[in-house]
Number of protein chains: 2
Amino acid sequence: MATSARQGPYFCGIDAAMDVVTGKWKSLILWELQEHGTRRFAELRRGLPGVSEKMLVQHLREMEEDGLVDRKVYPVVPPKVEYSLTEHGVSLNAALESLAGWGQARIERIGADKISVEAA
Amino acid sequence: MATSARQGPYFCGIDAAMDVVTGKWKSLILWELQEHGTRRFAELRRGLPGVSEKMLVQHLREMEEDGLVDRKVYPVVPPKVEYSLTEHGVSLNAALESLAGWGQARIERIGADKISVEAA
DNA sequence: TGCGGTACTCACCCGAAGGTGAGCACCCCC
DNA sequence: GGGGGTGCTCACCTTCGGGTGAGTACCGCA
């Protein structure tokens with residue numbers, strides 16, 4: 001199953017962090033939630049151009065299981081679900097910041113294209 | 001091809017860093033080279049229990065292309081090749097350190113098993 | 001003389017990650 | 001009253017990462 005089955009034996013901390021962060025969209029979800037504080041499902045979908053609903057649900061479930069995001073369901077008539085970062089999610093994001101800096105430098109070094117997310 | 005074809009458009013720095021670091025053994029290779037400075041192919045293989053030769057070669061080639069490792073071939077009669085980190089490799093490792101710290105904390109939090117590498 | 005080591009390459013296979021498209025239960029708005 | 005939005009689930013399919021095992025050219029050592 002996709003749910004759980006993680007938490008395998010690790011070689012080192014990197015392994016453990018990677019385990020939680022790998023997945024095409026997870027770091028982006030983390031970022032999106034960090035930026036906006038709280039987002040509804042459809043807002044996240046719109047914020048991550050190209051993500052499929054299935055993957056978004058799946059990643060969110062895994063991240064919830066890993067204690068990174070908080071899922072709050074409002075039992076209202078048009079469904080409403082809000083996602084936000086837990087303290088672990090916030091600290092993971094902080095830990096990713098130096099990596100983001102390195103990646104940014106790499107982008108400039110190799111002159112890769114960048115998809116602007118902040119616009120639109 | 002596995003070689004190049006990376007450097008696709010990125011959403012953010014994390015993407016770019018992840019692109020370079022994903023691969024089952026890459027972070028371990030980074031770590032191993034950081035610890036030992038310079039390693040021969042067979043030394044790396046022995047240092048990473050479970051890695052297949054194919055994956056080791058493949059990852060090393062990609063990391064060489066990405067400018068993370070330096071490959072020095074000695075044209076001697078029993079082949080001799082030495083791998084070491086470039087400055088970019090070293091700085092990537094530094095950027096990974098906070099992530100490693102987070103992962104370490106997570107390991108302790110969830111009480112996961114850990115494969116000891118420093119022993120043996 | 002033949003086995004093991006050195007640093008690989010090549011061909012093949014498997015399973016998981018991720019994408020596609022449909023359906024659902026209920027509502028509001030035009 | 002039907003089209004669109006809300007948050008999903010399910011089934012199917014493709015792609016790709018990674019593993020397996022063989023082969024290679026040459027050597028040193030027992």
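Note on naming: letters A, B, ... go to the chains in the order of the sequence lines (proteins, then strands), and numbering restarts at 1 for each one.
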Rounded to whole Å, how long is the line connecting atom NZ of B:K72 with atom P of C:dT6? 20 Å

Once you round it to whole Å, what is the distance between C1' of D:dT6 and CD of A:E82? 13 Å

Rounded to whole angstrom units, what separation is found between the CG atom of B:L60 and the C1' atom of C:dC8? 12 Å

Atom-to-atom span, CG of A:D19 to P of C:dA16 - whole angstrom: 14 Å

Are A:K26 and A:E62 ion-paired here, with the side-chain N under 4.0 Å from a carboxylate O? yes

Using whole Å, what does the distance between atom P of nucleotide C:dT9 and atom CD of B:Q58 come to? 10 Å

Do you see a donor-acceptor pair shorter than 3.5 Å between the side chains of B:R40 and B:Y74? no

Rounded distance in Å - CD (A:E64) to C1' (D:dG7): 14 Å

What is the separation between atom CG on A:L48 and atom P on C:dG18, rounded to the nearest whole Å? 14 Å

Between A:R40 and D:dC8, is there a contact of a side-chain N or O with OP1 or OP2 at under 4.0 Å? no

Could you go through the side chain to side chain contact (heavy atoms under 4.5 Å, CB included) check for B:S91 and A:W102 one step at a time? CA-CA 8 Å; B:S91 68; A:W102 189 93; 2.8 Å; yes

Contact list (N/O, under 3.5 angstrom) for nucleotides 19-29 of chain D vs protein:
| from | atom 1 | to | atom 2 | distance (Å) |
| --- | --- | --- | --- | --- |
| D:dG19 | OP1 | B:K24 | NZ | 2.9 |
| D:dG19 | N7 | B:K54 | NZ | 3.0 |
| D:dG19 | O6 | B:K54 | NZ | 2.2 |

Nearest-angstrom distance from the residue atom CZ of A:F41 to P of C:dC24: 19 Å

Can you find a heavy atom in the side chain of A:R61 that is under 4.5 Å from one in the side chain of A:R71? yes

Across the strands shown, which category fits A:Y74 at heavy-atom distances under 4.0 angstrom: base, sugar-phosphate, nothing? nothing

Using only side-chain N and O atoms of A:H59, determine if any of them is under 4.0 Å from OP1 or OP2 of C:dA17. no

Does a side-chain N-to-carboxylate-O contact under 4.0 Å join B:R39 and B:E82? no

B:R46 side chain near C:dT6 phosphate (N/O to OP1/OP2, under 4.0 Å): yes

To the nearest 0.5 Å, tell me how far B:L33 CG sits from B:M63 CE. 6.5 Å

Stepwise side chain to side chain donor-acceptor pair (under 3.5 Å) check, B:D70 with B:Y83: CA-CA 6 Å; B:D70 205 35; B:Y83 295 92; over 6 Å; no

Is B:R45 close enough to C:dA7 that one of its side-chain N or O atoms is under 4.0 Å from OP1 or OP2 there? no

